[in-house]
Amino acid sequence: MRNITTNAHFVSAVLLFGLSTAVFAGPAKVLDDMLANMDGMTLYVFDNDEDGKSVCNGSCAMNWPPFLAQSGDQASGDYTIIMRDDGKMQWAFRGKALYLYSKDKKAGEKSGDGFRDVWHIVKP
């Protein structure tokens, strides 16, 4: 009986661990085949960024606000956290820094897609 109980606890622990890791998919969600923040605002990448480094600072960051990570956030799966030049932490997806667009006013808008041929929505 002890082995059955021990095995049941082990199986329960594995299932719980599996569920807890599966629940956290990252700081974004898929909305109409693109990534969006939890409020449904479209996320973008910038072609001029280098892997793991944002080059959108100053006025660029005013128009394209970085999708900032909060204190205590942790990277998981395709999502990493990169350090910006201003010392803030920014989410990245598959190595590319994530941004919002200041002219998108409602959830699901994607008016920044294709802007100057260097800004693009993120497809999972």
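Computed from a prediction, not measured in an experiment: that's the story for all the values here.
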Starting from Ile121, can I reach Phe115 by hopping between I/L/V/M/F/W/Y residues whose side chains sit under 4.5 Å apart? yes
Given Leu35 and Tyr79, is the side-chain contact (heavy atoms from CB on, under 4.5 Å) satisfied, shown in steps? CA-CA 12 Å; Leu35 287 186; Tyr79 295 95; 3.6 Å; yes
Who are the salt bridge (charged side-chain N to carboxylate O under 4.0 Å, His left out) partners of Lys29, not counting sequence neighbours? none
Can you tell me how far apart CE (Met41) and CG (Leu100) are? Round to the nearest 0.5 Å. 7.0 Å
Could you go step by step and tell me if Arg84 and Met89 meet the side-chain contact (heavy atoms from CB on, under 4.5 Å) rule? CA-CA 6 Å; Arg84 295 183 48 76; Met89 305 302 286; over 6 Å; no
Does any non-hydrogen side-chain atom of Val122 lie less than 4.5 Å from one of Met34? no
Going by atom types only, do Tyr99 and Asp49 share a side-chain donor-acceptor pair under 3.5 Å? yes
Testing the basics here: between Pro124 and Asp33, what is the closest heavy-atom pair and its distance to 0.1 Å? CD-O, 3.8 Å
Could you grab the distance from atom NZ of Lys96 to atom CG of Asp47, nearest 0.5 Å is fine? 6.0 Å
Atom CE of residue position Met62 - does it have more than 12 heavy atoms of other residues, nucleotides or ligands inside 6.0 Å? no
Taking all non-hydrogen atoms of both residues into account, name the closest pair between Pro65 and Ser102 and its distance. CD-N, 4.0 Å
Could you grab the distance from atom CG of Leu68 to atom CG of Asp86, nearest 0.5 Å is fine? 7.5 Å
Please find the pair of heavy atoms, one from Ala75 and one from Ile81, that lie closest to each other, and give the distance. N-CD1, 4.0 Å
Can you name the one residue among Tyr101, Phe46, Tyr44 that meets ring pair (Phe, Tyr, Trp, His ring centres under 6.0 Å) with Trp119? Phe46
Count I, L, V, M, F, W, Y as connected when their side-chain heavy atoms are under 4.5 Å apart, and connections chain through other members. Are Leu98 and Val30 then in the same cluster? yes
Residue pair Ala61 / Cys56: nearest heavy atoms and the distance that separates them: N-SG, 3.5 Å
Between the main-chain N or O of Glu109 and the side-chain N or O of Thr42, is there a donor-acceptor pair closer than 3.5 Å? yes
In Å and rounded to the nearest 0.5 Å, what is the CG to CH2 distance from Asn37 to Trp91? 12.5 Å
Gap separating the CG atom of Leu43 from the NZ atom of Lys123, nearest 0.5 angstrom: 14.0 Å
Which atom of Ile82 lies closest to which atom of Ala97, heavy atoms considered: CD1-CB, 3.6 Å
So, taking the atom named CD in Gln90 and the one named NZ in Lys53, what distance separates them when rounded to the nearest 0.5 Å? 10.0 Å
